[in-house]
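Convention: sequence-line order gives letters A, B, ...; per-chain numbering from 1. In this text, all values refer to a predicted model and were calculated from it rather than measured experimentally.
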Protein chains: 2
Amino acid sequence: MKKINIKIRVSNGFETVIGPGKADLLQHIIDTGSISAAAKKMNMSYRRAWELINTMNQSFDEPIVIAKTGGIHGGGAELSDFGIKILNLYKVLIQKMLATVDEEITQINSHLKSWK
Amino acid sequence: MKKINIKIRVSNGFETVIGPGKADLLQHIIDTGSISAAAKKMNMSYRRAWELINTMNQSFDEPIVIAKTGGIHGGGAELSDFGIKILNLYKVLIQKMLATVDEEITQINSHLKSWK
DNA sequence: TGACGTTATTCCTTAACGGGAATAACGTTT
DNA sequence: AAACGTTATTCCCGTTAAGGAATAACGTCA
């Protein structure tokens with residue numbers, strides 16, 4: 001059993017707008033309600049997580065993540081309705097794309113060395 | 001008109017086995033018959049081109065690029081039949097994948113800022 | 001044998017990336 | 001007012017990535 005892996009990124013021409021890492025991060029923010037907690041779950045620095053989020057928020061015409069400082073637990077973050085929509089679009093994108101190329105993936109996989 | 005761009009890479013789990021850059025390089029090798037000429041056309045250093053090729057040759061169970069030193073023009077490189085097969089598989093992979101998600105791409109694109 | 005142009009490989013240096021620490025701002029709770 | 005935990009932001013530093021230069025090896029041709 002080998003471990004071929006298709007990575008799909010959406011770029012605006014010079015930077016990734018959403019891809020595997022950013023989508024993962026968004027999902028963890030949904031789960032935890034916090035940027036720092038999401039980052040920790042991914043073994044990612046807060047600094048980097050914030051950068052990814054900032055890139056996304058600046059790339060789209062509406063914010064993806066809404067963050068608040070202060071308050072009951074010091075603050076927190078959640079996806080905007082728009083952010084949820086984009087994340088779901090990305091998930092659908094991946095699902096559809098992968099569903100169509102089982103044959104080609106199998107063929108490429110069969111020629112990959114397995115010890116890596 | 002915006003410039004959304006979907007990048008698809010095939011990974012073996014820890015490195016890219018074929019993706020946009022490597023596929024481009026292979027095509028240029030077909031066109032030029034030389035690693036150095038192909039690299040030059042892409043504004044890529046020979047050193048890097050060789051690394052990409054080496055990664056591919058080591059990742060698959062057959063060589064993708066066959067290179068020769070010496071001879072009439074100092075040497076040269078060409079894709080093996082297997083390399084041509086893999087490159088075509090990748091092209092088909094991309095074509096099929098992109099063909100299925102026109103709707104999602106259009107939607108994401110419509111929410112991307114255009115000045116980037 | 002010497003010239004030629006390409007592949008193959010090593011070494012050094014520079015640039016980019018990302019982590020960690022430090023700090024401020026914030027708003028609720030006590 | 002003080003404490004708390006999170007976001008937001010800036011600095012510094014080490015690691016890694018990538019480029020360039022240099023050199024050897026190679027096989028054909030003159």
Show which side-chain atoms of residues 87-97 of chain A pair as donor or acceptor with protein atoms under 3.5 Å away, not counting sequence neighbours.
residue, atom, partner, partner atom, Å
Asn88(A), ND2, Ile84(A), O, 3.3
Tyr90(A), OH, Ile8(A), O, 2.7
Lys91(A), NZ, Gln27(A), OE1, 2.8
Lys96(A), NZ, Glu104(B), OE2, 2.8

May I have the list of side-chain donor-acceptor pairs in residues 36-50 of chain A shorter than 3.5 Å, sequence neighbours left out?
residue, atom, partner, partner atom, Å
Ser36(A), OG, Ser34(A), OG, 3.1
Ser45(A), OG, Arg48(A), N, 3.1

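A continuous path of Ile, Leu, Val, Met, Phe, Trp and Tyr side chains, each step under 4.5 Å between heavy atoms, connects Leu26(B) with Phe82(B), placing both in one hydrophobic cluster. Note: the hydrophobic cluster containing Val10(A) also contains Ile105(B) (ILVMFWY, side chain heavy atoms under 4.5 Å, direct or indirect links).
Rounding to the nearest 0.5 Å gives a distance of 5.5 Å between CD1 of Ile108(A) and CD1 of Ile4(A).
Remark: the backbone N or O of Gly13(A) is paired with a side-chain donor or acceptor of Ser11(A) at under 3.5 angstrom. The main-chain N or O of Lys113(B) is never found under 3.5 Å from a side-chain atom of Asp61(A) such that the two would form a donor-acceptor pair. In terms of modelled atom types and a separation under 3.5 Å, the side chain of Lys22(B) and the main chain of Thr16(B) share a donor-acceptor contact. The closest donor-acceptor contact from the side chain of Asn12(A) to the backbone of Glu15(A) lies under 3.5 Å.
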**OP:** Report the secondary structure of DNA chain D in dot-bracket form, marking unpaired bases with a dot and bases paired to a different strand with |, and treating Watson-Crick or G-U pairs with both distances under 3.5 Å as paired.
**Re:** ||||||||||||||||||||||||||||||

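Separating the CD atom of Glu51(A) from the P atom of dA16(C) is a distance of 15 Å, rounded to the nearest angstrom. The nearest whole Å value for the distance from the CG atom in Asn43(A) to the P atom in dG18(C) is 16 Å. Between the NZ atom of Lys40(B) and the C1' atom of dG5(C) there is a distance of 11 Å, given to the nearest Å.
The salt bridge (Lys or Arg N to Asp or Glu O under 4.0 Å) pairs that include a residue from residues 64-83 of chain A number zero, where partners must be two or more places apart or lie in different chains.
Arg48(A) contributes no side-chain N or O that forms a donor-acceptor pair with the base of dG18(C) under 3.5 Å.
Think of the region where chain A sits on DNA chain D: with heavy atoms and a 4.0 Å cut, that region ends 5' and 3' at dG5(D) to dC11(D).
Contact check for Val101(A) versus Ile6(A): no side-chain heavy atoms found under the 4.5 Å cut-off.
Within residues 65-87 of chain A, the residues that have a heavy atom under 4.0 Å from DNA chain C are, in order of number, Thr69(A), Gly70(A), Gly71(A), Ile72(A).
Where Gly33(B) and Arg47(B) each meet DNA chain C at their nearest nucleotide, the meeting point lying more 5' is that of Gly33(B).
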